[in-house]
Q: 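The structure's right below; bear with me while I get my questions together.
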Amino acid sequence: MNPVVTRFAPSPTGYLHIGGARTALFNWLFARHHGGKFLLRIEDTDRKRYSPEAVEAIYGGLKWLGLDWDEEPVSQFAGRARHQEVAENLLASGGAYRCYCSPEELTEMRERAREAGSARLYDGRWRDRDPVDAPAGVDPVIRLKAPQTGETVIEDAIQGTVRVGNDQLDDMILVRADGTPTYMLAVVVDDHDMAISHVIRGDDHLTNAFRQAQIYGALSWELPVFAHMPLLHGSDGKKLSKRHGALGVETYRDDGFLSDAMNNYLLRLGWSHGSDEIISRDEAIEWFDLDAVGRGAAQFDMDKLTSLNGHYIRHAGDAELLELVRPILEKLLGHGIEIDALARLKSGLSGLKERAKNINELSENALFYVHKRPLPVDDKARKLLDEQGRRMVDIARDELAGISNWSHDELENSIRDAAAARDENLGKLAQPLRAALTGSNVSPGIFEVMEILGREETLGRLEDAVSTP
RNA sequence: GUCCCCAUCGUCUAGUGGCCUAGGACAUCGGCCUCUCACGCCGAAAACGGGGGUUCGACUCCCCCUGGGGAUACCA
């Protein structure tokens, strides 16, 4: 068996969208699993749609996902001389021919074929015609002299045996009238030259595989293993594409998703390993193979991604989270974070991360740890700090001021005792305290918050609350 | 139109002829925990599209229908 070499071949027309990311992930995983190579090829043959920014965006997306590629990315456009050379060889060997049809003739043929219910859109009229008949002043295209009988069969690693009658396929164009290679030719030549062993790509290429197989045949080249993975669908059940709801991966990054969560989610869309749901990168590499890829299209489900993201946030290290949260907080604050505030933030993260679905939410919830006094107080918290609430805060403040050992348990004992002494529920005291200390009615455990805030800051915030009516 | 592919809870899926009274996860709905919110835990509801075969026995194999998707360019 040939060494495993896979490739991801996006066209640089924009960001790396979610479907492309999944294709890239599967290729990467397959290569890593087999100790092979994962190559990148930019399909930039169409110069009208090419943009260097798009190429950078694709690199950026892959890097964010942690899908590192081997060797320098290949530019398909740069290989056009080689594509032409192959076409010339095919011409010389009789595997291809020049066709002088005008666009009008072609549309007419197409219409007629449709009416007749035929799949062959081109009737092969120049296939055996003598080139001396060529009309003057017409630049010909080069077409493949495809087999007209028999069938083309693909042994697809995911879809199984897929076959089509050769009478369904017409002589495709290899080189355009302007001398540039078409996609069909370019992919085949590039995949061959790059020694790609496994072509893993979206289902939408399945019918292209037939045509490509014919080109391989004409060239007497060995066929790679094809593996056509099912497409990603939107919630309407239609193919997800850039113009149909597929967002770039960086959008998810900006929305606070962790790359590990994204990878895990994408992996489980169309691939499974028993009933495992949480799958680490290492496990994915160890377990991934094509035989466990499903054959039906999968719908993108934001809820499940979000749930996975929550899991990965809860299990992320505080240092990693701090890196992610800090710039967001500084933006929210409009200034840098001072050293003591940073220390509070760092200690607060473990309690905060239990409660966040994404990094943006985590940041917002962390804001009270780093905000300077006086704290902004939201409406619900304001309600808790009514006259009665402020009285509770006042009681708590007196109680807390007498504490010698500022620790979670001490704090809790003291407040619980104070509540019990007044025959009140803990919540009666805790909620106004929460409002005063965090400016919100929702936060991590209130004794944890007080411990992290420290004596001075805690007492200060309580003072602020009682003194501002 | 033609060709190709697909088909298990709402969604992602397990299941490769008897282990299925169809399992898990997300979402949903109850409950527990509890200083709020989460987390966590317990529980409920929820699926093999239809019809024919094959077989002692089909979610599993075959055929048809239906439904869905994809491809039908001198785009990639």
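Quick note on labels: first sequence line is chain A, next is B, and so on, each numbered from 1.
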Q: For G15(B) versus G24(B), give the span between their C1' atoms, rounded off to a whole number of Å.
A: 12 Å
Q: Answer yes or no: is there a side-chain heavy-atom contact under 4.5 Å between N264(A) and I278(A)?
A: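 Yes, their side chains come closer than 4.5 Å.
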Q: Taking salt bridge (charged side-chain N to carboxylate O under 4.0 Å, His left out) as the cut-off, I'd like each qualifying pair that reaches into residues 290-306 of chain A, sequence neighbours left out, listed once.
A: E277(A)-K304(A)
Q: Write out all pairs satisfying side chain to side chain donor-acceptor pair (under 3.5 Å) with one or both partners inside residues 107-117 of chain A, taking only residues at least two apart or from two chains.
A: E108(A)-R112(A)
Q: Which residues in residues 345-367 of chain A have at least one heavy atom lying under 4.0 Å from any atom of RNA chain B?
A: E354(A), R355(A), K357(A)
Q: Any strand is fair game: report the nucleotide pairing with C61(B) by Watson-Crick or G-U wobble, both distances under 3.5 Å, or none.
A: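 The base-pairing partner of C61(B), which may sit in any strand shown, is G53(B).
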Q: Which pairs with one or both residues in residues 46-57 of chain A pass salt bridge (charged side-chain N to carboxylate O under 4.0 Å, His left out), sequence neighbours excluded?
A: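 Non-adjacent pairs meeting salt bridge (charged side-chain N to carboxylate O under 4.0 Å, His left out): D44(A)-R47(A), D46(A)-R49(A).
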Q: Between U55(B) and G23(B), how far is it from one C1' atom to the other, in whole Å?
A: 26 Å
Q: May I ask you to say what P444(A) touches in the nucleic acid, namely base, sugar-phosphate or nothing, with a heavy-atom cut-off under 4.0 Å?
A: base
Q: Return the value, rounded to whole Å, for the distance between atom CD of Q168(A) and atom C1' of U2(B).
A: 7 Å
Q: Across nucleotides 61-71 of chain B, 5' to 3', mark each nucleotide with B, S or - according to how protein heavy atoms within less than 4.0 Å reach it.
A: --------SBS
Q: Indicate yes or no: at least one non-hydrogen side-chain atom of R7(A) is less than 4.5 angstrom from one of V199(A).
A: yes
Q: Identify which one of I359(A), L258(A), D255(A), D260(A) satisfies the side-chain contact (heavy atoms from CB on, under 4.5 Å) criterion when paired with N309(A).
A: L258(A)
Q: Check the orientation of H273(A) and W287(A). Use parallel for under 30°, tilted for 30 to 60°, and perpendicular for over 60°.
A: parallel
Q: Hunt down the Watson-Crick or G-U wobble partner of U28(B), both distances under 3.5 Å, from any strand shown, or write none.
A: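 WC or wobble partner is A44(B).
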Q: With rounding to the closest Å, how many angstrom separate the C1' atoms on A47(B) and A27(B)?
A: 15 Å
Q: With the threshold set at under 4.0 Å for non-hydrogen atoms, list the residues of residues 422-432 of chain A touching RNA chain B in residue-number order.
A: L426(A), G427(A), A430(A), Q431(A)
Q: Are I446(A) and L437(A) side-chain neighbours, meaning at least one heavy-atom pair lies under 4.5 Å?
A: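 Sidechains of L437(A) and I446(A): in contact.
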Q: Does any N or O donor sit under 3.5 Å from an N or O acceptor when you compare the side chain of R434(A) with the base of C35(B)?
A: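 Result: at least one qualifying N/O pair found.
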Q: What is the distance, to the nearest angstrom, from the NE2 atom on H228(A) to the C1' atom on C4(B)?
A: 11 Å
Q: Can you tell me, in whole Å, how much space there is between the P of G40(B) and that of A45(B)?
A: 22 Å
Q: Validate the cation-pi geometry between R22(A) and F26(A): distance from NZ or CZ to the six-membered ring centre under 6.0 Å, angle to the ring axis within 45°.
A: yes
Q: For the P atoms, the ones on G30(B) and on G49(B), what distance do you get once it is rounded to whole angstrom?
A: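 These two P atoms come out 31 Å apart once rounded.
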Q: Find the distance R49(A):CZ to A76(B):C1' and express it as a whole number of Å.
A: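 So the CZ-C1' distance, R49(A) to A76(B), works out to 6 Å.
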Q: Heavy atoms under 4.0 Å, any strand shown: does V162(A) hit a base, just sugar-phosphate, or nothing?
A: sugar-phosphate
